[in-house]
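Written out below as structure tokens is the structure these notes cover.
Below, each value reflects all heavy atoms present in this structure, side chains not excepted, and no hydrogens, waters or symmetry copies.
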Amino acid sequence: MNIYIFTFIVTALFDVILRYISLNRLLDYDFVRYLEPYFKQHTLLAAALIAGFVGATAQYFIMAGMNPAPTAMFMAWTFIVSALYGFAMKATGLFPHLDATYYRGLGPIGGAVHDGVSGLIVQFVVLLYNGRH
């Protein structure tokens, strides 16, 4: 399967899981609480499509900058691109609900760190899948 399509799917599915956790208040973390109003602004499909789009387009920049590379360097690059991607999202103005809830609550550094970790989680699944197929 194409890596961008697979990244889209994995990111969208993680968004659905995060939505469930957030709206049902299953975890008491700041980033989960800050996502609750965001998820209330979007349908399940809309939020998942947004997340999938962001994940797939970030993957493009990750692959363009570090493919091929040793795994540790690739994962470091994944974190950096994912962390910086939120700033680009904010600058475009294309994601106003995310900016008004999640990024406002976490602040620029907190948002970047959480985006970086999110990118690592998705990339780990992508690499695990590609390693098996």
Side-chain angles (χ1 to χ4, degrees):
M1 179 181 300
N2 180 294
I3 192 165
Y4 304 110
I5 294 170
F6 189 67
T7 301
F8 181 98
I9 293 167
V10 170
T11 307
L13 288 175
F14 272 124
D15 190 75
V16 170
I17 293 167
L18 194 54
R19 176 191 186 92
Y20 181 80
I21 291 168
S22 176
L23 294 180
N24 291 289
R25 298 180 181 170
L26 298 179
L27 295 173
D28 189 32
Y29 295 114
D30 286 343
F31 80 97
V32 174
R33 285 193 304 275
Y34 296 141
L35 283 170
E36 185 177 348
Y38 169 76
F39 285 129
K40 287 182 177 180
Q41 288 287 324
H42 292 290
T43 65
L44 177 107
L45 180 60
L49 288 173
I50 290 167
F53 171 79
V54 169
T57 56
Q59 186 71 278
Y60 172 81
F61 293 105
I62 292 164
M63 297 299 288
M66 276 299 221
N67 187 31
T71 304
M73 288 178 62
F74 184 72
M75 294 305 273
W77 181 242
T78 294
F79 180 87
I80 291 166
V81 170
S82 299
L84 295 176
Y85 215 74
F87 293 108
M89 289 169 50
K90 184 175 179 172
T92 66
L94 293 173
F95 307 94
H97 297 301
L98 196 57
D99 189 38
T101 57
Y102 180 71
Y103 288 120
R104 180 173 291 153
L106 288 174
I109 302 301
V113 169
H114 282 86
D115 288 344
V117 171
S118 176
L120 288 175
I121 292 167
V122 169
Q123 198 70 279
F124 178 76
V125 172
V126 170
L127 289 175
L128 186 65
Y129 175 81
N130 282 335
R132 292 183 165 197
H133 292 92

Taking all non-hydrogen atoms of both residues, which atom of Val125 and which atom of Phe6 are closest, and how far apart? O-CE2, 4.1 Å
What are the two closest non-hydrogen atoms of Val81 and Ala58, and how far apart are they? CG1-O, 3.9 Å
Is there a path of hydrophobic side-chain contacts, each under 4.5 Å between heavy atoms of I/L/V/M/F/W/Y residues, joining Ile121 to Val16? no
Compare every heavy atom of Phe74 with every heavy atom of Gln59, then report the nearest pair and how far apart it is. OE1-CZ, 4.4 Å
Are any of the side-chain heavy atoms of Val117 and Phe31 separated by less than 4.5 Å? no
Checking side-chain contact (heavy atoms from CB on, under 4.5 Å) for the pair Tyr85/Asp115: CA distance, chi angles, key distance, verdict? CA-CA 8 Å; Tyr85 215 74; Asp115 288 344; 6.0 Å; no
Here's a test for you: under side-chain contact (heavy atoms from CB on, under 4.5 Å), which of Val10, Leu128, Thr78 qualifies with Gln123? Thr78
With the 4.5 Å side-chain cut-off for hydrophobic clustering, are Leu13 and Leu44 part of the same group? no
Gap separating the CH2 atom of Trp77 from the CD1 atom of Ile62, nearest 0.5 angstrom: 9.0 Å
Just how far is it from atom OG1 of Thr101 to atom CG of Asp99, taken to the nearest 0.5 Å? 8.0 Å
Identify the heavy atoms of Leu27 and Val32 that sit nearest to each other, and give their distance. O-CG1, 3.7 Å
Roughly how far, to the nearest 0.5 Å, is the NE2 atom of His42 from the CG atom of Leu49? 11.0 Å
What I'd like to find out is whether the side chain of Phe61 reaches to under 4.5 Å of the side chain of Leu84, using heavy atoms alone. no
Working for side-chain contact (heavy atoms from CB on, under 4.5 Å), residues Tyr102 and Leu35: CA-CA 5 Å; Tyr102 180 71; Leu35 283 170; 3.5 Å; yes
Could you give the distance from OH (Tyr38) to CZ (Arg104), rounded to the nearest 0.5 Å? 15.0 Å
How far does CZ of Phe124 sit from OG1 of Thr71, to the nearest 0.5 angstrom? 11.0 Å
Distance, nearest 0.5 Å, that separates OG1 of Thr57 from CZ of Phe8: 10.0 Å
Nearest heavy-atom pair of Gly119 and Ser82: which atoms, and what distance? CA-OG, 3.3 Å
Please assess Leu127 against Met75 for the test side-chain contact (heavy atoms from CB on, under 4.5 Å), listing each intermediate value before the final yes or no. CA-CA 10 Å; Leu127 289 175; Met75 294 305 273; 3.5 Å; yes
I would like to know whether Thr11 and Asp15 meet side-chain contact (heavy atoms from CB on, under 4.5 Å); could you show each step before the answer? CA-CA 6 Å; Thr11 307; Asp15 190 75; 5.8 Å; no
Would the number of heavy atoms belonging to other residues, nucleotides or ligands and lying under 6.0 Å from CD1 of Ile109 be above 12? no
Identify the two heavy atoms, one from Ala47 and one from Arg19, that lie closest to each other, and give their separation to 0.1 Å. CB-NH1, 4.1 Å
Treat each ILVMFWY residue as a node, draw an edge where side-chain heavy atoms are under 4.5 Å apart, and state whether Tyr129 and Ile3 are in one component. yes
Within the distance-only criterion (no hydrogens, no angle test), does the side chain of Asn24 pair as donor or acceptor with the backbone N or O of Leu26 below 3.5 angstrom? no
